[in-house]
Amino acid sequence: MPAGGEVVSGSTATMADRNALSIDVEEYFQVEAFSDIIRKKDWDIFSPRAEEQTDRILELLESFQVRGTFFVLGWLAERNPNLVRKIHDAGHEVASHGYEHKMISRMTPAEFRNDIRESKQILEGITNSEIHGYRAPTFSIVERTTWAYEILLEEGFRYSSSVYPIWHDRYGWPEFGQEPRSMASSGNGEIWEIPMAVGSIGPFKIPFGGGGYLRLYPLFLTRVLFRSQLKKGKPSILYMHPWELDANQPRIDAPYFRHIRHYAGIRKMEKKLVHLLQSLKFGTVRQYLEERIAAGNALPQAEA
């Protein structure tokens, strides 16, 4: 999105029923569930598997003529620039997932600035295009890390998709709401937050749309939640990781509940993804934001 908040759509028409598709491109050994088991300095010891699974995703999206947003980890992009070029050349939006997959709550502002700056420079150098979007590892923008928005804006980002408006043991900002919100502005423009999908069943708020929620929920429930939100005029964000298609990935020796959180439902993930691509409309996260702003379904700047 250009400076000043001007809306320039990548599509010739606004689609009120178009959801956003996003892929967080990282390796299976880089997830937060294993962060105290596998040290960053040992990442290069593990055999990379993300490229093969990302290729599978690219083939699926091409078969359905869907374009999405790939939030690529800088560490991975630096070692596999051809994969980033492949994503970009296929017409998808390339965005940043930071450099080393470290939760913002575990970084100082200076460390965060260095992390996103390094990632942005790597991705822009590979794609020769400006990177507008960012997603924090483990959705780690919460109320106490809102200082990150000013830094993101100063470093040239125009949107973040890093808030889950729920309670969770690792992340969550329940009071945020479900619409995109302008979080900071300057003479160079503004930065928006695009929260992840939360539906409802009676009085209960239900997070859905990706990751473990997509793997563990029965498909009919995910489908009902997507369609229920669309009936309210609220498209949703679908997100996933390449490792979630990889049933043959090595098994990390982790505590029971973390093991379940990471591996459960992987064998059914591709079938679920194919069904959603067949039955729903998807575009990039940037298109989603532009269409929500154009339709007036976005909120003015939040108070600090």
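- No side-chain donor-acceptor contact under 3.5 Å links Ser140 to the backbone of Ala136.
- When all heavy atoms are compared, the tightest approach of Asp115 to Gly98 is OD2-CA, 3.3 Å.
- Below 30°, between 30° and 60°, or above 60°: for Trp243 and His241 the angle between ring planes is below 30°, a parallel geometry.
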(message) Between His101 and Gln30, does the side-chain hydrogen bond (donor to acceptor under 3.5 Å, both in side chains) criterion hold? Intermediate values first, please.
(response) CA-CA 7 Å; His101 208 265; Gln30 296 171 322; over 6 Å; no

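- A distance of 7.0 Å separates OG of Ser160 from CD1 of Ile104, quoted to the nearest 0.5 Å.
- No side-chain donor-acceptor contact under 3.5 Å links Arg158 to the backbone of His132.
- No donor-acceptor distance shorter than 3.5 angstrom exists from the side chain of Lys40 to the backbone of Glu100, with no hydrogens or angles considered.
- With Tyr263 contributing its side chain and Ile252 its backbone, the two residues share a donor-acceptor pair below 3.5 Å.
- Note that the CE atom of Met107 and the OG1 atom of Thr145 stand 9.5 Å from one another [nearest 0.5 Å].
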(request) Apply salt bridge (Lys or Arg N to Asp or Glu O under 4.0 Å) to the pair Asp55 and Lys86, showing each step before the final yes or no. (result) CA-CA 9 Å; Asp55 282 344; Lys86 193 183 303 182; 2.9 Å; yes

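- Classification of the His168-Tyr171 ring pair by plane angle, with boundaries at 30° and 60°, yields parallel.
- In terms of modelled atom types and a separation under 3.5 Å, the side chain of Glu124 and the main chain of Ile131 share a donor-acceptor contact.
- When the options Phe70, Phe71, Phe139 are evaluated for a ring pair (Phe, Tyr, Trp, His ring centres under 6.0 Å) with Tyr239, the one that passes is Phe139.
- Panel note: side chain Arg215, backbone Arg261; a donor-acceptor pair is recorded below 3.5 Å.
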(request) Applying side-chain hydrogen bond (donor to acceptor under 3.5 Å, both in side chains), run through Asn82 and Arg85 and close with a yes or a no. (result) CA-CA 5 Å; Asn82 286 335; Arg85 292 190 192 99; 2.7 Å; yes

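- Taking the six-membered ring where tryptophan is involved, the planes of Phe112 and Tyr134 are perpendicular, since the angle between them exceeds 60° and thus also 30°.
- Here the closest heavy-atom approach between residue Ile237 and residue Pro195 is recorded as CD1-O, 3.8 Å.
- Ile23 contributes atom CD1, which lies 7.5 Å from atom NE2 of His92 (distance to the nearest 0.5 angstrom).
- Using the six-membered ring where Trp is involved, Phe34 and His262 have ring planes that are tilted, between 30° and 60° apart.
- The two atoms that bring Ile141 and Ala148 nearest to each other are CD1-CB, 4.3 Å, heavy atoms only.
- Within the 3.5 Å criterion, the main-chain N or O of Leu219 finds no donor-acceptor partner in the side chain of Lys268.
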(request) Would you sort out whether Asp24 and Arg135 count as a salt bridge (Lys or Arg N to Asp or Glu O under 4.0 Å), showing the intermediate values? (result) CA-CA 8 Å; Asp24 296 352; Arg135 175 168 290 159; 2.9 Å; yes

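- Atom CD of Glu111 is separated from atom NZ of Lys102 by 5.0 Å, given to the nearest 0.5 angstrom.
- For the ring pair (Phe, Tyr, Trp, His ring centres under 6.0 Å) test with Tyr164, the passing option among Phe176, Trp173, Tyr213 is Tyr213; the others fail.
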(request) Report the C-alpha separation of Arg227 and Leu280 in whole Å, then their side-chain angles, then the decisive distance to 0.1 Å, and conclude whether the side-chain contact (heavy atoms from CB on, under 4.5 Å) test is met. (result) CA-CA 9 Å; Arg227 294 198 179 281; Leu280 298 169; 4.1 Å; yes

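- By the 4.0 Å N-to-carboxylate-O rule, Glu32 lies close enough to Arg106 to be salt-bridged with it.
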(request) Determine, step by step, whether Arg56 and Glu52 satisfy the salt bridge (Lys or Arg N to Asp or Glu O under 4.0 Å) criterion, reporting the C-alpha distance in whole Å, the side-chain angles of both residues, the deciding distance to 0.1 Å, and the verdict. (result) CA-CA 7 Å; Arg56 288 176 66 190; Glu52 180 181 353; over 6 Å; no

(message) Working note: Arg113 + Glu155, criterion salt bridge (Lys or Arg N to Asp or Glu O under 4.0 Å); need CA distance, chi angles, decisive distance, verdict.
(response) CA-CA 8 Å; Arg113 187 184 297 274; Glu155 293 298 321; 2.9 Å; yes

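- The backbone N or O of Thr127 sits less than 3.5 Å from a side-chain atom of Ser129, completing a donor-acceptor pair.
- Side chain of Glu270 to main chain of Leu245: no donor-acceptor pair is present (N/O by atom type, distance under 3.5 Å, no hydrogens or angles).
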(message) ring-ring contact (aromatic ring centres under 6.0 Å, His included) for Tyr288 and Tyr159? Distances and angles first, verdict last.
(response) CA-CA 11 Å; Tyr288 174 96; Tyr159 77 81; 9.7 Å; no

